[in-house]
Protein chains: 2
Amino acid sequence: MPGRKAPESVRRDEILRAAYRVAARDRLGGLTTRAVAAEAGVSVGLLLFHFESKDGLLVDLLDWMLSHTIVAGEMHRRPPAGTPPIAWLLIVVERDLAHLLKQRERVELFYDYWVLGTRHPVIRRLIRRALHRYRDAFRPAAHAIISEHPERYAGLSADDLAGVCAAFIEGCATQTILDPSRFNAERAMATLKALVVPSPSSALSPVPL
Amino acid sequence: MPGRKAPESVRRDEILRAAYRVAARDRLGGLTTRAVAAEAGVSVGLLLFHFESKDGLLVDLLDWMLSHTIVAGEMHRRPPAGTPPIAWLLIVVERDLAHLLKQRERVELFYDYWVLGTRHPVIRRLIRRALHRYRDAFRPAAHAIISEHPERYAGLSADDLAGVCAAFIEGCATQTILDPSRFNAERAMATLKALVVPSPSSALSPVPL
DNA sequence: ATTGACATTGAACACGCGTTCAACGAGGTT
DNA sequence: AACCTCGTTGAACGCGTGTTCAATGTCAAT
């Protein structure tokens, strides 16, 4: 029954929440105007009254997701003073990885959008921004590492190091999503630690097989 | 005009090639029976005569791609004897990364399939197999590293180390695809090298900021 | 009370998709 | 020459989609 009900912002939010529920359940492939309208308990017409098109809904949903759920939280909390920079970076990586793996649903959706972004400029921009923000979480620790050993990282920037961390985590994410039973985050982190922080005794001994 | 023309295998191959051309141009979203038929110069009916359904075509195309193009080549070439295992692994990683970045088209398509695989069991199986084979390329070097310093990698397997390498490369792939102008493979590799192979002098000096 | 703005509805439209199928024609076989 | 097999065609069907729009009801202002 037609009639005024909720102010625009409320309706929009209701519909966005419904859209997210649908997308979390059926992914972007199952996100149709009718499905969202049904989930929100409104008509298709109303959905397109508040969002000018399905495309608009898609973009607004991504925006909403990025600001409401993914990768929020206490990003830049520093470790206790005296922690070696490498250990600090590893802590950040470990925390982020654990956090990511707890949100499979959202990460899968994010990758749906990532693929969509390949063809959709507006969405690509949003995804890029999100990943750059993500990478930035590693910058402080990365910066500390580089300024501790400038000669070791000659020619490299904190961004480069942060990018490598982001790549590692993103790769872990793709592996878990594809094959959750086979990917083991703890072992991956342990491997990374063993690779990056060498046991002091072995650093000077070039042992041929 | 109807009539007999080519033996089954030839027609199938023609159509698969056409399908790949379409997919490389318009991605999986643009891969329709009509588009492929037009590209192959045959009728829609013939396409579904040789492939029982679009789904079958999709699966066969992925199979064809995996065996014909992606990640083939001289995987297991050993480095000169005496190369330290870590250096060997880094060489393999570097080569694979470079190889991957040269095939953006195919990698993008592969990710399309990866997303599809989230919902499509048969495709998921194929993708998993491909990624496991990919990971296996790192195993020999990873094994050498671990057996050189068993105490350093205690509790870890060559698979774990190979998985970390694969994660790094896959993460690099997602970054390039999303943002080719910003991702720099050389700097990423240089960063990885600096992280993993420490300068001997710095290994014993815990320098607080 | 009357009006006007506007949120809301759901039927209808146009389009593209995967799939079906009766008809057709070029071989090989008899 | 007649026949059969089967690769081949393209029109047609059914379905699901995004989008439009005239109609409707509610609320605030007059």
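Chain letters run A, B, ... following the sequence lines, proteins first, then strands; residues in each count from 1.
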Tell me: CG of A:L46 to P of C:dA7, nearest whole Å?
-> 9 Å

Donor-acceptor pair, side chain of A:R124 and main chain of B:L178, under 3.5 angstrom | no

Under 3.5 Å side-chain donor-acceptor pair for A:R135 and B:Q175 = yes

For residues 111-126 of chain A, which residues have at least one heavy atom under 4.0 Å from DNA chain C?
-> none

Please say whether more than 12 non-hydrogen atoms of neighbouring residues, nucleotides or ligands are located less than 6.0 Å from NE2 in A:H143.
-> no

Please state whether the rings of B:H68 and B:W64 are parallel, tilted or perpendicular, taking 30° and 60° as the class boundaries.
-> parallel

State whether a side-chain donor-acceptor pair under 3.5 Å links A:R106 with A:Y20.
-> yes

Would you kindly give the CD-to-C1' distance between B:E14 and D:dG7, to the nearest whole Å?
-> 13 Å

Backbone of B:R152 reached by a side-chain donor or acceptor of B:H149 within 3.5 Å | no

Please give, in whole Å, the distance from D:dT19 P to A:F51 CZ?
-> 13 Å

Residues, nucleotides or ligands: over 12 heavy atoms within 6.0 Å of B:R21 CZ = yes

Residue A:R25 excluded, over 12 heavy atoms near CZ under 6.0 Å | yes

Whole-Å gap separating P (D:dG7) and CZ (B:F49) = 4 Å

What integer distance in Å separates B:L28:CG from C:dC17:P?
-> 14 Å

With the sugar-phosphate defined as primed atoms, P, OP1 and OP2, and the base as all remaining atoms, what B/S/- string results for nucleotides 11-18 of chain D, 5' to 3', for protein heavy atoms under 4.0 Å?
-> -B----BB

Is the backbone N or O of B:H50 less than 3.5 Å from a side-chain atom of B:R12, with the two atoms forming a donor-acceptor pair by type?
-> yes

CG of A:L47 versus C1' of C:dT8: gap in Å, rounded?
-> 12 Å

To the nearest angstrom, the CG-C1' distance between A:L57 and D:dT19 comes to 14 Å

Starting from P on D:dT19, measure out to CG on A:L58 and report it in whole angstrom.
-> 10 Å

